[in-house]
Amino acid sequence: MTPDLPGRDEVDVTPPATRRSLNEIEAMGKRAARGVGLPWGIAEEAGKAARWLAMLGLPGAKHLADILTRHDTQRYEWLTPIVVDGIWRAEKGPLCPLITGAALSDLATSIAQGRSIELGETADPLLLTPYVATAAKLAACPLALSFGGTSLFLYSDMQRPDIVAIEGNQEILTSKDTRGVICRRSDGLPADANILPRLSELQLVVDAQTWDRLNAFATRTYAPATEASRLKGAGAGLSDNN
Amino acid sequence: MKAMRPSIPTVPLRPPEVVMRLARLGSFHQCRLSFMRTLLRRLKQERWTFDRPIFDIDANGVGTAVYSAHGPERSYSLVCFAHDLPPDQRSDRVIAEAWDSTFALFDGVPTADDIDRLSQNVPKQEAGRITSSELSLSRANRSVRLFDHVVECLAAGKQPDREKVEAVGYLMRTTAVYGSGKFGAVDREAISDRAEFKGPFQAEMLSVFLTRAYVLDLVEHLARARSPDTAVGVDPALRRRFGIGNSTGLGMAPFIVNHPMLLNNWIFSREEALSRIRGLARATADEIALFKEYVARARTNAEEWASEHPLQLQKLTMLKADLVHLEKHVAAGHLEGEAPWDRLYRWAESSLSIEGQEQLISLMLEPYDRLVDDLADGMGADEGAAFGIDGAMSLDELRAIVDDVYGWALSIDWTAKDNRARVWYVSEEKLEPRLGERFEEPIEAYEQPLAPARDAAAMAGDLDRWTGEPNAAAFLLVHPEHRHIARRAQIAKAYPYAEIRDNTIAAALLPIDLLRCKLSFFGATHFDPRSDRWVRINMFRDAPFPHEVATSDCDDWCYPAVSAAPAGSAAP
C-alpha cells in the first residue's frame with residue numbers, strides 16, 4: 001500500500017494526512033494527555049476537547065498536540081490557576097487551557113449566575129472553548145469567552161446543540177497565547193455573530209506529524225511488550241485457535 | 001433514564017447493592033432485551049430482504065463475497081474476504097496479523113471501487129484504514145475442531161457428525177468486531193438517529209448475523225469444489241445448529257466499567273421489565289404454559305451447554321439442579337393465584353443459586369413481549385450528556401454519594417496486597433488490553449483507571465481532610481487526581497446501576513464475570529470460559545438464516561427444542 005521511495009531501504013512511509021473519526025481523535029487525545037502526565041480526569045476531558053473542536057472542523061488534534069508538547073517539560077503546579085488580585089494566573093508562565101478550562105467548566109453555575117472570571121496570560125485560548133461550551137450546556141445558559149479582538153458565544157440545548165458563534169477577529173482562532181481572557185454570562189447571541197457549522201461528516205483530516213506527536217505521548221501509557229506479559233496478560237496462551 | 005410510559009403497577013426495582021455484584025452480573029443469561037433478539041425482531045417486523053450480489057471464491061477458499069440486507073429505508077452489506085491462512089498463523093489473540101476471513105459492514109451496497117478499496121485494507125484489520133462508509137470491521141477464524149470435518153462430510157455426500165456439531169456449535173468464530181469510529185469507521189453519533197441503530201450494537205449484531213450466512217455458504221462451496229459430483233448441502237435443521245462463535249477476552253472487560261451510563265440503561269431496562277412482571281396480579285393459562293415450555297427448553301439448553309472449565313462446570317451443576325427444582329415448583333401449581341411472578345421470584349431468592357435466579361428472570365420475561373420489548377428503546381445512552389462535572393455540588397453531597405455508592409469500598413483495607421493485586425493495562429503490542437499482577441510485574445506505572453472503588457476510597461479520605469470551600473469546584477482544583485472518580489460518582493447519583501459494587505483489582509477478581517454480563521446483553525449463549533479471563537460464546541445459534549427471516553418465527557430461537565429428559569432426572 002505504501003510506495004517504495006527510490007534509493008531508500010524499505011520503510012513504512014506515513015501518508016501526509018489521514019481522516020480520523022471523532023472517536024479516534026478523542027481516544028488518542030486522552031491517552032496523549034495522560035502520557036504527558038496529566039491526571040486521568042484531566043486527560044479524558046482533553047480528549048473530549050480535541051474532539052469537540054474537530055466536530056466543528058477546527059484542528060483540535062493539532063492544538064492538543066501543541067499544548068501537550070509544551071507541557072511535557074513543565075510541572076502541573078506551574079500551570080494550574082491561582083487567584084492573584086482577582087485575576088487567575090499560573091505560578092509560572094501562561095495558564096494551561098486544559099486545566100483552566102476544566103476549572104471554568106466546574107464554575108458553570110456561578111458564571112451563569114453572573115460571576116465574571118478574568119484570566120491573565122493563557123496559552124492557546126482556543127482550547128478553552130470546549131470547556132466553556134460544556135459549562136454553557138450544564139448551566140443551560142449562553143456564555144461568552146473573549147480574548148484578543150474576538151468573542152466566542154457558546155450555547156447548547158436539546159433543540160440547538162453545540163452552538164458556537166464568533167464575533168470580531170476570527171483569525172485569532174489560531175493564536176498561541178493571549179494576554180488575557182474574560183469568561184462571563186452572555187445575554188444571547190449577537191445578531192451579527194458568525195455561527196460555526198458542524199462538520200457534516202464526523203471525521204477530520206489530521207496531518208501525520210500531529211498524529212505522530214500525539215501517538216508518541218500516548219505510547220508512554222502502553223506497557224512494553226514482554227514475553228511474560230504476552231503469555232500471562234491475556235489469558236489465552238499464544239494462540240487459542242480450536 | 002426512565003422512558004415515558006403509562007403507569008403500570010410495579011414492585012420496586014431490585015436495588016443496585018443486590019444487582020451490581022460481579023457474581024450476579026457474571027450469571028446473567030440472554031433475554032428478550034438482548035441485542036441479537038432486538039435485531040431479529042426488527043428484521044422480521046420491517047420485512048427486511050437479503051441477497052448475495054457477489055460470491056466469488058475459488059476452490060481454495062480464497063476470494064470475495066457480498067451479503068446485502070435491505071430495510072425499509074436503507075441497505076447494508078457485509079463485504080467478506082476469504083483467505084488461505086496457514087494453520088500456524090491462526091490465532092484469536094488481538095496480536096494476530098492474519099485471519100481466515102475478514103469483513104467490513106458497508107453502508108449501502110458497495111461498488112467495484114468500494115470493494116477494491118476495502119480489499120486493500122480490510123484484510124489488514126487494525127493495520128488498515130476504513131472510512132465513514134463502513135460501520136464495522138471484523139474477522140473470523142475457522143474452528144479447527146469442526147471446519148474440515150464438515151467440508152469432508154459434505155463433499156462425501158454425508159451430513160456432518162451431529163455430536164461433533166453439538167459439541168462445538170460453530171464453524172468459525174469472530175475474534176473482534178470493531179465499530180464506533182475505530183480505524184476510521186463511522187462514529188456511532190453519525191448513525192444513531194437511524195431507527196435501526198437506536199439500540200446499542202445493532203450494526204455489530206447485523207454484521208455477525210450476515211457472517212453466519214457467509215460461513216455456511218463457504219463450507220458448502222468448499223465441499224462442492226472438492227467433490228462436485230457427490231457434495232451435498234447442510235440439512236436445514238442441522239444448519240440452524242451452527243452459530244457464530246466468538247472468542248473474547250480482556251479487550252471487552254473494561255467496557256462496562258468505562259461506560260457507566262450505558263451499563264445503567266441496560267441493567268435498568270432489565271430490572272424494570274422484571275418489576276413490571278412481578279407487579280402482575282395474575283398469569284393467564286397461556287402465559288403459564290408458555291413459561292413452562294421455556295423452562296423445559298432452558299433445561300435442555302443447560303444439558304447441551306458444553307464447557308470444560310471448572311468454574312463453569314460448577315455453575316452448570318447449580319443451574320441444572322435449579323432448573324429441576326424450578327420445574328417441580330411450577331408443576332406443583334405455584335403460578336396459580338395472586339401475584340404469581342412476585343411470589344415465584346421471592347421463592348427463587350431463597351431457593352435457587354444466583355445462576356438459577358438470573359436464568360429465571362430471563363425466562364419470566366419470555367411470555368411478556370408487550371410489557372418488555374419497548375424497554376429495548378431505552379438501552380442506548382447519550383454519554384456526552386452526563387460527562388460534565390457539576391462543580392457547584394456541595395462536598396456534603398459528594399461525600400454522601402460516596403457513602404451510598406461506594407460505602408462498601410470504604411471498609412476495605414486498600415493497603416493489603418490482595419485488595420489491589422491486579423493492574424489493568426494496555427500493551428504496546430497492538431494495544432491489547434491485559435490484566436497483570438501489580439507485585440510481580442513492572443506495570444503499575446501503566447495502570448488504566450479501572451478501579452473506581454479504590455479511587456472513591458482515596459477521594460473520601462481527602463474529602464474528610466478538606467478545609468477549603470465546601471464545593472466540588474474548589475476541591476477538584478486542588479485535587480485534580482480525583483476528577484475522574486468525582487465524575488463517576490456524579491453519574492452514579494443519577495444512574496443508580498452505573499457502578500459495579502465489587503473490587504475490580506482484587507486478587508479474587510474473575511474478569512469473565514465482566515465479560516459474561518456484556519455478552520448476555522449481546523444475546524450470547526453457551527458461555528465457555530477458557531481461563532478466568534478468556535471466553536468462547538455462541539451467537540445466533542438456532543436463529544433463522546437471512547433467507548429464512550420472512551418465513552420463520554424470529555423470536556423463538558434462543559432456547560433449543562426440548563430433548564428427551566436426560567436419564568435419571570424426573571420427567572417434566
Side-chain angles (χ1 to χ4, degrees), chain A residues 1 15 18-27 31 34 38-45 48 55 76 80-82 99 102-110 131 134-135 137-139 201-203 218-226 228-230 232-242, chain B residues 90-95 120-121 128-129 131-132 141 143-145 180-190 247 249-250 384 387-392 425-429 431-432 434-437 441 443 446 449 472-473 476-477 480-487 511 530-534:
Chain A
M1 181 167 128
T18 307
R19 303 182 80 76
R20 302 285 174 185
S21 71
L22 297 187
N23 273 341
E24 286 181 295
I25 291 171
E26 180 183 336
R31 288 174 167 177
R34 176 61 179 167
L38 291 166
W40 278 112
I42 298 279
E44 57 200 358
E45 287 164 352
K48 291 261 189 234
M55 179 189 68
Y76 191 95
T80 193
I82 46 181
I99 298 168
L104 287 176
S105 168
D106 289 351
L107 292 171
T109 305
S110 51
Y131 297 90
T134 298
K137 188 188 258 187
L138 284 168
E201 208 189 320
L202 299 185
Q203 304 217 323
T219 302
R220 296 177 187 175
T221 69
Y222 309 145
T226 64
S229 163
R230 191 179 306 121
K232 283 179 67 164
L238 277 178
S239 63
D240 183 47
N241 68 2
N242 75 347
Chain B
R90 184 175 296 118
S91 165
D92 289 3
R93 290 278 298 270
V94 168
I95 55 178
Q120 314 271 359
N121 284 277
R129 294 292 300 169
T131 71
S132 57
N141 280 334
S143 163
V144 306
R145 292 175 287 168
S180 302
K182 296 193 180 82
F183 312 110
V186 72
D187 275 311
R188 217 193 116 59
E189 289 75 5
S247 193
L250 295 171
F387 186 77
I389 288 176
D390 174 15
Y425 68 99
V426 175
S427 170
E428 203 173 42
E429 266 194 288
L431 307 192
E432 184 181 50
R434 293 180 184 170
L435 186 64
E437 300 298 322
E441 305 171 62
I443 41 167
Y446 307 102
L476 293 174
L477 191 58
E481 71 276 16
H482 295 317
R483 280 194 87 74
H484 176 80
I485 189 62
R487 185 189 340 275
R530 293 309 174 91
S531 74
D532 70 342
R533 62 192 68 181
W534 187 263

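Side chains are part of it too, since the values below use all heavy atoms of this structure and drop only hydrogens, waters and symmetry mates. The chains referred to below are lettered A, B, ... by the order of the sequence lines, with proteins before strands, and numbering in each begins at 1.
Neither the backbone nor the side chain of A:Y131 has a heavy atom closer than 4.5 Å to any heavy atom of chain B. For a residue to count as touching a neighbouring chain, one of its non-hydrogen atoms must lie under 4.5 Å from one of that chain's; by this rule A:R20 touches chain B with backbone and side chain alike. Heavy atoms of A:A139 lying under 4.5 Å from chain B are absent altogether. Residue contact with chain A, scored on non-hydrogen atoms closer than 4.5 Å, involves the backbone of B:A185 exclusively.
Counting heavy-atom pairs closer than 4.5 Å to chain A, the top-ranked of the candidates B:L476, B:I443, B:L431 is B:L431. Interface summary for chain B: among A:R19, A:K137, A:E44, A:R220, the most heavy-atom pairs under 4.5 angstrom belong to A:E44. Comparing B:S180, B:G436, B:P511 by heavy-atom pairs within less than 4.5 Å of chain A, the highest count is held by B:S180.
Contact check for B:E189 versus A:L22: no side-chain heavy atoms found under the 4.5 Å cut-off. A:D106 is not listed as a side-chain neighbour of B:L477, based on a closest heavy-atom distance of 4.5 Å or more. Side-chain contact between A:E45 and B:R487: present, with at least one pair of heavy atoms (C-beta onward) separated by less than 4.5 Å. Two residues are said to be in side-chain contact when any heavy atoms from C-beta on lie closer than 4.5 Å; B:R483 and A:L38 fail this criterion. The side-chain heavy atoms of B:E441 and A:T226, taken from C-beta on, include no pair separated by under 4.5 Å.
Minimum interatomic distance between B:P480 and A:Y76 (heavy atoms only, all atoms of both residues): CB-OH, 3.1 Å. Considering every non-hydrogen atom in both A:E24 and B:G181, the closest pair reads CG-O, 3.3 Å. Taking all atoms of both residues into account, the shortest heavy-atom contact from B:Y425 to A:A223 is CD1-CB, 3.4 Å. Between A:A225 and B:E428, the shortest heavy-atom distance links the atoms N-OE1, 3.9 Å.
Looking at residues two or more places apart in sequence or on another chain, you find a side chain to side chain donor-acceptor pair (under 3.5 Å) between A:N23 and A:R51, B:D187. Evaluation of the side chain to side chain donor-acceptor pair (under 3.5 Å) rule for A:T80 yields no partner, not counting sequence neighbours.
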Problem set entry | From CA spacing to verdict: side-chain contact (heavy atoms from CB on, under 4.5 Å), B:I389, A:L138 | CA-CA 9 Å; B:I389 288 176; A:L138 284 168; over 6 Å; no

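Side-chain atoms of A:Q203 come within 3.5 Å of backbone atoms of B:G184 as a donor-acceptor pair (strictly under, hydrogens ignored).
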